[in-house]
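Have a look at the structure below before the remarks.
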Amino acid sequence: MPPSPAPTSSQTAAAASGLRIGPFELDVPVVLAPMAGITNAPFRRLCREFGGGLFVSEMVNARGLVEGGERSWRLATFDADESPRSIQLYGTDPTVVGEAVRRLVDDGHVDHVDLNFGCPAPKVTRHGGGAAVPARPRLFAAIVRAAVEAASAVPVTVKMRMGLDDDRLTYLEAGRLAADAGVAAVALHARTAEQRYSGRARWWAVGELVDAVRGVSDAPVLGNGDIWAAADATRLMATTGCAGVVVGRACLGRPWFFAELDAAFTGAAPPPPPDLGTVCDVARHHARLLTDAIGEDRAVPQMRKHLGWYLTGFPVGHEVRRDVVTVATLDELDALLGSLDPTLRNDPAVDGAPRGTQAGPHPVVVPDGWLDAESVTPPEAGADASVSGG
Ligand SMILES: Cc1cc2nc3c(=O)[nH]c(=O)nc-3n(C[C@H](O)[C@H](O)[C@H](O)COP(=O)(O)O)c2cc1C
């Protein structure tokens, strides 16, 4: 498939608030956060049916791609009409990351590569992987450079956290290094790895990163963390000067959040919150998209967690919530949703409330000597295990 950097209709007419990432001009400055186990091609399609933005894949392991791993290449699947095709890669070795990017780009498989440097999972940071990589600045820079060089005209972006913990903050130096290496954007989840998903995202750090990156290149900075309502997105941009936002958990069971974001950025009236009947229609559509992609046997068990999110806040009762976690076929899913009162409405306070994991904090351990700033040695085996998070 040839690369398709030509913008789609939703990306052409860049509004004043538009966001440029390499050749792509997005009319709404919004990126769907990569979320392992969530942002597969069906979920990305569902979200983009509601609004504009950039929709990033689940995280894919660079080593898995280089070694021809079936699972990794399956995760790197895009809809035929998806444009731009945006992939998130995870890797800890510059050679491996460069080779993965080269393969993706040479056969025109992707139009954008995002690099994940935010994973807080102990099983990778303990070996020097994930969020521990930016704490070894020369290695971090070498990985980013390898990706940018291999990507040629395809834009490369990075996504990271503030650092390991409050005593080991890395985001300003990493942001400058990434900008110097030629990335097309820098995204910050404004928490440390120690925080995981707990507490509040510290948006002030996004503002500091804007200043730090501005001194090096014109790469836009994207703010991420705790955007639960469209007004949060505009406020984060207004208060920090960042050029766009990355939204994750707020979309779980709420893909129409993209319509709310669209309205906020284009000045249109916000769409009314959906009643339960509309929510059930979206959930059924989601289930069908997932079934078309991976078959009913695998899609319906995956839909259970999504159904839990779709029903968040609706007074549907314990029995329905119990049945959701055992639903096994599309017919059962249809029947369950059909049994609900379609006129129910969500409490607006619940609709825009935090959802998804809030786990943490958890201390971060890195290998002895890891903070030796001069070292470019990639971490040992285990650091690039396939894990999720960022
Ligand atoms: C289930 C789940 C999976 C995630 N997987 C990834 C991932 O693979 N790569 C990544 O960079 N971030 C990952 N994240 C982090 C999100 O991209 C995002 O940075 C984080 O959720 C904060 O944004 P939010 O407050 O809008 O959710 C994940 C988050 C969740 C909840």
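One-based numbering, in listed order, for ligands and for the atoms of each.
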Within-4.5 Å side-chain heavy-atom neighbours: L261 and V247 = yes

message = Once you restrict to heavy atoms under 4.0 Å, what part of R249 touches ligand 1? Side chain, backbone, both or neither.
response = both

request  = Using a strict 4.0 Å threshold on nitrogen-to-oxygen distance, state whether R284 and D334 make a salt bridge.
outcome  = yes

query = Residues two or more places apart in sequence or in another chain: which of them pass side-chain hydrogen bond (donor to acceptor under 3.5 Å, both in side chains) with R176?
reply = none

query = Which bit of Y197 gets closer than 4.0 Å to ligand 1, counting heavy atoms only: side chain, backbone, both or neither?
reply = side chain

query = Do ligand 1 and T357 have nitrogen or oxygen atoms that lie under 3.5 Å from each other?
reply = no

message = Under 4.0 Å between a side-chain nitrogen and a carboxylate oxygen: does that hold for R45 and D81?
response = yes

query = Does the N or O separation between D226 and ligand 1 drop below 3.5 Å for any pair?
reply = yes

remark   = Ranking P34, A190, A33 by closest non-hydrogen atom to atom 6 (C) of ligand 1, top hit is P34

ask   = Any non-hydrogen atom of G225 lying under 4.0 Å from ligand 1?
value = yes

ask   = When you check the gap from the basic side-chain N to the acidic O, do E82 and R44 get nearer than 4.0 Å?
value = yes

query = Which bit of M35 is near ligand 1, meaning a heavy atom under 4.0 Å away: side chain, backbone, both or neither?
reply = both

inquiry  = Under a 4.0 Å threshold between the charged nitrogen and the carboxylate oxygen, would E149 count as salt-bridged to R145?
reply    = no

task = Identify, by atom number and element, the atoms of ligand 1 in contact range of A36, meaning under 4.0 Å from any of its heavy atoms.
result = 3 (C), 4 (C), 5 (N), 6 (C), 8 (O)

ask   = Is the distance between the ring centroids of F50 and F257 under 6.0 Å?
value = no

Location of contacts on Q88 toward ligand 1, heavy atoms closer than 4.0 Å = side chain

Salt bridge flag under 4.0 Å for residues D218 and R20 = no

ask   = Can you tell which of K159, K305, R200 gets a heavy atom nearest to atom 10 (C) of ligand 1?
value = K159

ask   = Quick check: does G248 get an N/O under 3.5 Å from an N/O on ligand 1?
value = yes

